[in-house]
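Report on the structure given below.
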Amino acid sequence: MDGTKLKVQLIEVDETVERILEISKEYTFKQLHRALQTAMGWKDLEEYYFLTKEFVLSEVDYRIEGYEFMFSDQVKLGELKDKTFRYYYNGDLWKHTIEILEDTILENDYPQVLEYKGRCPMEEYGGPAVYNEMVRENISLLPVYDRDEVNHILEISLK
């Protein structure tokens with residue numbers, strides 16, 4: 001199955017929070033959102049949108065001047081021509097840069113996290129400023145990241 005390798009990086013945080021994923025090019029942006037939620041350790045509690053050079057992709061009619069709106073379940077990842085794009089979760093609170101690293105042939109029919117760096121903030125903790133303070137103070141409320149568990153959840157929920 002044709003896939004792509006993505007580098008997803010949370011921005012505006014002091015500690016590197018990054019995931020490298022393999023995912024099918026046949027996945028829609030809505031499915032990519034679900035995979036990103038799992039890969040980051042989040043619970044999909046808030047709205048999201050993707051921003052490419054030309055489009056805003058979301059489940060809700062999210063308009064930004066200068067961009068054409070498309071529903072996220074109508075566009076497949078493999079149809080995107082951009083090599084980098086943005087992912088916004090919880091309005092503009094959590095911002096991510098997504099880079100398409102390379103095309104790949106998938107061994108599995110579900111997304112997988114290949115590599116990770118950093119502890120992901122809890123989504124309801126008030127944004128990058130609060131997260132950065134928690135990291136500086138070494139507050140242990142930040143969840144431990146278990147890649148094997150995340151990949152298992154991706155397999156059972158997105159297969």
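Given the structure is predicted, the values throughout are model-derived calculations rather than measurements.
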Measure the shortest side-chain to side-chain distance between [X] and [Y] over non-hydrogen atoms and say whether it is less than 4.5 angstrom.
X    : Y    : answer
L10  : V13  : yes
L21  : L36  : yes
S157 : Y110 : no
D14  : R136 : yes
L32  : T28  : no
L106 : S24  : yes
Y48  : Q37  : no
V150 : V113 : yes

Tell me every residue that passes side-chain hydrogen bond (donor to acceptor under 3.5 Å, both in side chains) with [X], counting only those two or more places apart in sequence or in another chain.
X    : value
R63  : D61
E115 : none
T84  : none
E102 : K5

Applying the 4.5 Å side-chain criterion to the ILVMFWY set and letting contacts propagate, would [X] and [Y] be lumped into a single cluster?
X    : Y    : value
I153 : M40  : no
I20  : F85  : no
Y89  : Y131 : yes
L45  : W42  : yes

Interatomic distance, [X] atom [atom1] to [Y] atom [atom2] [nearest 0.5 angstrom]:
X    : Y    : atom1 : atom2 : answer
K7   : E99  : NZ    : CD    : 5.5 Å
F69  : S58  : CZ    : OG    : 5.5 Å
R147 : L154 : CZ    : CG    : 11.5 Å
D109 : E155 : CG    : CD    : 8.0 Å

Exercise for the section: Using the salt bridge (Lys or Arg N to Asp or Glu O under 4.0 Å) rule, collect all pairs that involve residues 27-52, keeping only residues at least two apart or in two chains. Expected result: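 Residue pairs with at least one partner in residues 27-52: K30-E59.
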Practice task
Hey, could you give me each pair passing salt bridge (Lys or Arg N to Asp or Glu O under 4.0 Å) that has a residue in residues 71-84? Not counting sequence neighbours.
Solution key: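 Residue pairs with at least one partner in residues 71-84: E26-K76.
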Going by side-chain contact (heavy atoms from CB on, under 4.5 Å), name the residues that satisfy it together with [X], two or more places apart in sequence or in a different chain.
X    : result
T4   : L6, I23, K25, L77, I100, D103
K117 : T16, E18
M70  : F55, L57, E68, V75

Check: [Y] main-chain N/O paired with [X] side-chain donor or acceptor under 3.5 Å:
X    : Y    : result
N151 : Q112 : no
R86  : T97  : no
R19  : Q9   : no
N90  : L93  : no

Problem - Validation row, ring centre F29 to ring centre Y27 under 6.0 Å - result: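 No, they do not, as the ring centres are separated by 6.0 Å or more.
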Exercise for the section: Run the ring-centre check on Y88 versus W94 and record whether the distance is less than 6.0 Å. Expected result: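 Ring-ring flag for Y88/W94: false, centres at least 6.0 Å apart.
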Among all residues two or more places apart in sequence or in another chain, which pass the ring-ring contact (aromatic ring centres under 6.0 Å, His included) test with [X]?
X    : value
Y87  : H33, F50, H96
Y116 : Y145
Y67  : none

Exercise for the section: Mind listing the closest non-hydrogen atom pair of V17 and R119 along with its distance? Expected result: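 Shortest heavy-atom separation between V17 and R119 comes out as CG2-O, 3.4 Å.
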Practice task
Report the C-alpha distance between H152 and D148 in whole Å, list the side-chain angles of each, state the deciding distance to 0.1 Å, and finish with yes or no for side chain to side chain contact (heavy atoms under 4.5 Å, CB included).
Solution key: CA-CA 6 Å; H152 177 70; D148 292 335; over 6 Å; no
